Amino acid sequence: MSLPLFEDPSVTRESLYIDGKWSTGATGAYFDVTNPATGDVLASVASGQASDVQNAIDAAERAFPGFATLTAYQRADFLHTAHRLMLERADDLAVLMTMEQGKPLKAARTEVKYAADFLIWFAEEAKRVYGSTIPSARPDQRFLALRQPVGVVAAVTPWNYPISMITRKVAPAFAAGCPVVLKPAKNTPLTAIAVFKIFEDAGIPAGVANLVTTQSARSFSETVFASKAVRKIAFTGSTDVGKLLAKEAASTVKRVSLELGGHAPFIVFEDADPVHAAKGATLVKFLNTGQACISPNRIFVHRSIAEKFIETLVARTSKLQPGNGLEPSSGVGPLIDAPSLDRMQRQVDDATSKGATIAVGGRRLTGDKFDQGYFYAPTILTGVTPDMEIYREETFGPVAAVTIFDEESEVIEMANDTDYGLASYVYTRDLSRALRVTEKLNFGMVGINDINPTSAAAPFGGVKESGLGREGAAEGINEYLDTKLVGISI
Ligand code: NAD
């Protein structure tokens, strides 16, 4: 099947977009992009080197003063145009994303819509970058607080949400007046190229939107860290890499926002409807083949309703159809790569060796439909205990771990017993309990009888080792603004 949006596959080799021009980069090195469902090589893209990253930073630095002094309305116009173009190209973008990332086409379409939402939401938010006036203790003095763009932004995005993680950063950066140099994950550069073609077609000035595809994450980050021009790092990815970036950013005191890993608890209290809760758990657990930072990794169900809940969870999970995301029947796509398959098997083997039971799944899928891809059976493990790896480690795959609890205080303690603090879920019909538990959960987001607490208009982010800062909402643009205090004697 030919690649949508790239009439000539060789075009993908000119995948660096720097200072308004597409190129193959300094050394002419390339890397392949493969389809995780079939193993097919889809395209070859340029592997940018340190000098390419430096050129992109220089271009962004030159573009910054002009872009920052455009009116908010002018910057909003670019974002509105990009939003329109993204929706016009939505079908092709979704197919492209399914081909390089694996998610079912329906989920890819939903993600394109979500990605486009950030463009339009921040187009409007650009016009609401308000400063303030502050009373002074001196009668002859006035204070103003201005909010100004931080400067050049280096953004790094993961492969699991290849399009929305880009717009969730770039839209608020552009709205605030900041140029961006972005490095996408090496598994999903094609979607990133297609997004930057949208920025080009939207007329975003040269040097404001820069894309460096590369196989060498280190040459990107080392060049970024050596540069005083880059004032802000916006990162989504694993906690380990986030910590490394935060440490390096300290040497030139760059602003940092980090959207990192999660290990979400999904708590089902005795007063919840176990069938409704199990349907919700299945939907959100296997979304993106479990490769989501907000995926429920630890499912806690009250003993009194555990049987009905697990029965429904297992029945719904058994009905899921893994397969190539381009086929309409596929409800769950492949994992991204072979190490992910190994991680699933290791976590499952470790859990069963310590007493967990496989209620469904528990193995790599084989057979004609699966052999060339990275398919793992949607899996439910019951009897999961704190000594198991799956209880501690981010799962990032289609394995749901179920633990039974008896007391509210006990389950809050178990839920909080992790270094992560991104999403959490609570199923209850008791309003007092919902609020009481929400206040005690050490997580950045809580879904109450709700499996999708996300929107461009809502602040997304974690506490503890799940990150710093928020994306989306008014908080999202603050990450790209500095405050300048003005004292005026009158
Ligand atoms: P990863 O940390 O391996 O990679 C993320 C990005 O960082 C990629 O572009 C990668 O090339 C880059 N990178 C890796 N090492 C780097 C270095 N030394 N310098 C600069 N860049 C470097 O993560 P991943 O496997 O792509 O994504 C999965 C992780 O992302 C999971 O932990 C998941 O929970 C997390 N995630 C978090 C959110 C969120 O909003 N909190 C959203 C999606 C994914």
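Nothing here was measured: the structure is a model prediction, and the numbers come from that model. Numbering starts at 1 and runs along the sequence shown. One-based numbering, in listed order, for ligands and for the atoms of each.
- Here R392 does not pair with D387 in a salt bridge; the nearest charged N to carboxylate O distance is not below 4.0 Å.
- Not a single protein heavy atom sits closer than 4.0 Å to atom 4 (O) of ligand 1.
- Near T236, the atoms of ligand 1 lying under 4.0 angstrom from a non-hydrogen atom of the residue are 5 (C), 36 (N), 37 (C), 38 (C), 39 (C), 40 (O), 42 (C), 43 (C), 44 (C).
- Considering backbone and side-chain atoms alike, F235 places every N or O at 3.5 Å or more from each N or O of ligand 1.
- Distances between N or O atoms of L260 and those of ligand 1 include at least one value under 3.5 Å.
- Close contacts of ligand 1 with L422, meaning ligand atoms under 4.0 Å from a residue heavy atom, involve 41 (N).
- Salt bridge annotation for E259-K169: absent, with no cationic side-chain nitrogen under 4.0 angstrom from a carboxylate oxygen.
- Every atom of ligand 1 with a heavy atom of R168 under 4.0 Å away is listed here by number and element: 39 (C), 40 (O).
- Close contacts of ligand 1 with F460, meaning ligand atoms under 4.0 Å from a residue heavy atom, involve 39 (C), 40 (O).
- Closest heavy-atom approach to atom 21 (N) of ligand 1 among the candidates G444, P189, A217: A217.
- Within a 6.0 Å radius of CZ in R316, no more than 12 heavy atoms belonging to other residues, nucleotides or ligands are found.
- In terms of N/O distances under 3.5 Å, ligand 1 is approached by E394.
- Within the listing of ligand 1, atoms 6 (C), 7 (O), 9 (O), 12 (C), 21 (N) sit less than 4.0 angstrom from a heavy atom of V156.
- Within ligand 1, the atoms closer than 4.0 Å to a non-hydrogen atom of L245 are 19 (N), 20 (C), numbered from 1 in the order shown.
- Taking every non-hydrogen atom of T157 and a distance limit under 4.0 Å, the qualifying atoms of ligand 1 come out as 6 (C), 8 (C), 9 (O).
- Close approach of ligand 1 to W159 (heavy-atom distance below 4.0 Å) involves ligand atoms 24 (P), 25 (O), 26 (O), 27 (O).
- When A154, G242, S238, S164 are ranked by how near their heavy atoms come to atom 2 (O) of ligand 1, first place goes to S238.
- Heavy atoms of K186 come nearer than 4.0 angstrom to ligand 1 in no pair at all.
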